Amino acid sequence: MSASRIVFHVDVNSAYLSWEAAYRLQMGDTLDLRSIPSAVGGDVTKRRGIILAKSIPAKAYNIQTGESVGAALLKCPSLVLVRPTYGLYIRCHRAMLALLREYSPRVQVFSIDECFLEMTDVRLGGRSPVEVAHEIRNRIRTELGFTVNIGISINKLLAKVASDFRKPDQVHTLYPEEIEEKMWPLPVGDLFMVGRATREKLDRMGIRTIGELARFDRTLLRIRFKKHGDVIWSYANGIDSAGMLESEHDGVKGIGNSTTIPFDVDDPKIARLYLLSLSEMVGMRLRDKGLTYGLVSVSIRHSDFEHFSHQKKLLYRSDSTDDLYREACSLFDALWTGVPLRHVGVRISDLSPKTAQQLSFFDHPRALARSALDKTIDDLRLKYGNSVIQRGSFLHTGVQPVMGGVGDEDYPMMRSAL
DNA sequence: TCTGGGGTCCTAGGACCC
DNA sequence: TCTGGGGTCCTAGGACCC
């Protein structure tokens, strides 16, 4: 590894909201959502009413991402709310990615609105990293219509912290010699991997700032927080040993979809329809990647928000929707006591590529026919949309036959290890 | 006020084996 | 008899991220 690594972290400012604003301007709207108190929020009538992103003027009303739309409206009655449109966000993500790849062949997608760029061995044509970052920032604004912050440092952790400094449309550096001045005074909750639970525990230990965490006894943190203690202590000191791309092709570990149901469910038949619909989406996404699963999990949330999950390691591997649905039902039956249900989820993991050897396990005539049917349905849905073909059980139920986001328009999700 | 959905990783306890 | 220890796998739940 080079002695002086250079890493950029590019972070879209209020991503969903910026993208909605840019799109509306392009469509001829004269009002820029970014200039007024506004937010992207879920549908309250479908019980999905939380704030997903907010404008900077909305921030002035102390509106928080993740809080309920109702609470946000109490703080700011004039708040303009728009629904999320995920297809747009994926297009914006791809456009940004294409632009970033002009600057480095090594771009790591961290989430839909964040990327890391390895700039270490990139020829900058005599310009400084800061100058190049400004060019990227300017081009994204003028060519794509939204703004980003870019953080620059010697590793991903520090670059990410830097991009979180003053917003929007800014370039910041956070080199090791700047840690004490720029990072240590920040509240400890601003550190990557310090969420609410850890922040509260640290608070009780008298640790309020990143600097206090950095100078705290590492052994005590290790005793209190196990492995996590080591991680946050290292981060507080600017230490992040992770390279750019962890072995390139360590693909997805699991595929899951879940949904909040607009009403409380007490009828097992309705619950099963949701399980089937989610299984259809999960199965489709799995087959699109040419994978098989060996573990199935089901999660539920009661109307009082208590949540539970069950999982089962299978004695076989499969890529079939029917197998998935059957296993999901048996897990669900073991899990559900009949309490009114608000949310259900289906997830598969222990994924591996569908190999020729596995295919021979599948080649019982029935399995073969089922596999052909899955493929036919996948192809039709890809071509004509998910509603082109549906199971009869959904007829006249009002339940969507294929449920959940992230379909063939898949994008790499975040990796938790920096 | 009424609380999403997509992920990853870690831990602890129990089962089971040698 | 009353008592091992180490290893692995499985499961449920919790913490974190955007």
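Here the structure is a predicted model, which means the values were calculated and not measured. Letters A, B, ... are given to chains in the order of the sequence lines, protein chains preceding strands, and every chain is numbered from 1.
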Asks: Rounding to a whole Å, what distance do you find between A/Ile90:CD1 and C/dC18:P?
Replies: 19 Å

Asks: Picking from C/dC16, B/dT8, C/dT11, which would you name as closest to the side chain of A/Gln311?
Replies: C/dT11

Asks: Ignoring backbone atoms, establish whether A/Lys312 has a side-chain N or O less than 4.0 Å from OP1 or OP2 of C/dC10.
Replies: no

Asks: Below 4.0 angstrom from OP1 or OP2 of B/dG4, is there any side-chain N or O of A/Lys46?
Replies: no

Asks: Of the listed nucleotides (B/dG6, B/dG4, C/dC17), which one gets closest to any side-chain atom of A/Ser258?
Replies: B/dG6

Asks: Take atom CE of A/Met193 and atom C1' of C/dG14, then tell me their distance rounded to the nearest Å.
Replies: 12 Å

Asks: Out of B/dT8, C/dC18, B/dG5, which nucleotide sits closest to the side chain of A/Arg347?
Replies: B/dT8

Asks: Of all the nucleotides listed (C/dG13, B/dG6, B/dG4), which has the minimum atom distance to the side chain of A/Leu52?
Replies: B/dG4

Asks: Within the structure, does a side-chain N or O atom of A/Thr259 lie under 4.0 Å from either OP1 or OP2 of B/dG4?
Replies: no

Asks: Using ring centroids (six-membered ring only for Trp), state whether A/Phe116 and A/Phe8 fall under 6.0 Å.
Replies: no

Asks: Can we say A/Asp378 and A/Lys383 salt-bridge, meaning some charged N sits less than 4.0 Å from an Asp/Glu carboxylate O?
Replies: no

Asks: For A/Val107, does its backbone N or O pair with a side-chain atom of A/Ser104 as donor and acceptor, under 3.5 Å?
Replies: no

Asks: So, is A/Arg301 close to the C/dG13 phosphate, meaning a side-chain N or O under 4.0 Å from OP1 or OP2?
Replies: no

Asks: Check the orientation of A/Tyr274 and A/Phe263. Use parallel for under 30°, tilted for 30 to 60°, and perpendicular for over 60°.
Replies: perpendicular

Asks: May I ask you to say what A/Thr65 touches in the nucleic acid, namely base, sugar-phosphate or nothing, with a heavy-atom cut-off under 4.0 Å?
Replies: nothing

Asks: For the residue pair A/Gln64 / A/Lys59, report whether a side-chain donor-acceptor contact shorter than 3.5 Å exists.
Replies: no

Asks: Among the nucleotides C/dC18, C/dA12, B/dT3, which one has an atom lying closest to any side-chain atom of A/Phe305?
Replies: B/dT3

Asks: Name the closest nucleotide to the A/His228 side chain, picking from C/dG13, C/dC16, B/dG4.
Replies: C/dC16

Asks: Quickly work out the A/Asn149 CG to C/dC18 C1' distance and round it to whole Å.
Replies: 16 Å

Asks: So A/Val194, base contact, sugar-phosphate only, or nothing? Heavy-atom distance under 4.0 Å.
Replies: sugar-phosphate

Asks: Starting at atom NE2 of A/His343, determine the distance to atom C1' of B/dG5, rounded to an integer number of angstrom.
Replies: 7 Å

Asks: Under 3.5 Å, is there any donor-acceptor pair linking the side chain of A/Ser68 to the base of B/dT3?
Replies: no

Asks: What is the ring orientation for A/Phe165 with A/His172, classed by angle as parallel under 30°, tilted 30 to 60°, or perpendicular over 60°?
Replies: perpendicular

Asks: I want to check one thing: is the phosphate of B/dG6, taken as OP1 and OP2, less than 4.0 Å away from some side-chain N or O of A/Ser111?
Replies: no

Asks: For B/dG5, take OP1 and OP2 only and decide whether either is under 4.0 Å from a side-chain N or O of A/Asn257.
Replies: no

Asks: Check the distance between B/dT11's C1' and A/Arg224's CZ and give it to me in whole angstrom.
Replies: 15 Å

Asks: Examine distances only and state if a side-chain atom of A/Asp319 and a backbone atom of A/Thr292 form a donor-acceptor pair shorter than 3.5 Å.
Replies: no

Asks: Give the rounded distance in Å between these two atoms: CZ of A/Arg199 and C1' of C/dC17.
Replies: 15 Å

Asks: Base, sugar-phosphate alone, or nothing: which one does A/Glu67 contact when heavy atoms must sit under 4.0 Å apart?
Replies: nothing

Asks: Determine the contact category for A/Leu74: base if any of its heavy atoms lies under 4.0 Å from a base atom, sugar-phosphate if only primed atoms, P, OP1 or OP2 are that close, otherwise nothing.
Replies: sugar-phosphate

Asks: Taking OP1 and OP2 of C/dT11, is either one under 4.0 Å from a side-chain nitrogen or oxygen of A/His310?
Replies: no

Asks: Looking at B/dG5, C/dC18, C/dG13, which one has an atom nearest to any side-chain atom of A/Arg48?
Replies: B/dG5

Asks: Should A/Lys226 be listed as having a side-chain N or O under 4.0 Å from OP1 or OP2 of C/dA15?
Replies: no

Asks: With both distances under 3.5 Å as the test, what is the Watson-Crick or G-U wobble partner of C/dC18?
Replies: B/dG5

Asks: Mind checking the C1' distance from B/dC16 to C/dG4? Whole angstroms is fine.
Replies: 16 Å

Asks: Under 4.0 Å, counting only non-hydrogen atoms across every strand here, what does A/Gly254 touch: a base, just sugar-phosphate, or nothing?
Replies: sugar-phosphate

Asks: By nearest heavy atom, map A/Ile255 and A/Ile51 onto DNA chain B; which one lands nearer the 5' end?
Replies: A/Ile51

Asks: Name the residue closer to the 5' end of DNA chain B, choosing between A/Ser303 and A/Leu278 according to the nucleotide with the nearest heavy atom.
Replies: A/Ser303

Asks: Could you state the atom-to-atom distance from NZ of A/Lys201 to C1' of C/dC16 in whole Å?
Replies: 11 Å

Asks: Base, sugar-phosphate, or nothing: which does A/Gly42 touch, judged by heavy atoms less than 4.0 Å apart?
Replies: nothing

Asks: Salt bridge check, A/Lys375 against A/Asp379: does any charged N sit closer than 4.0 Å to a carboxylate O?
Replies: yes

Asks: Quickly work out the A/Lys227 NZ to C/dG14 C1' distance and round it to whole Å.
Replies: 16 Å

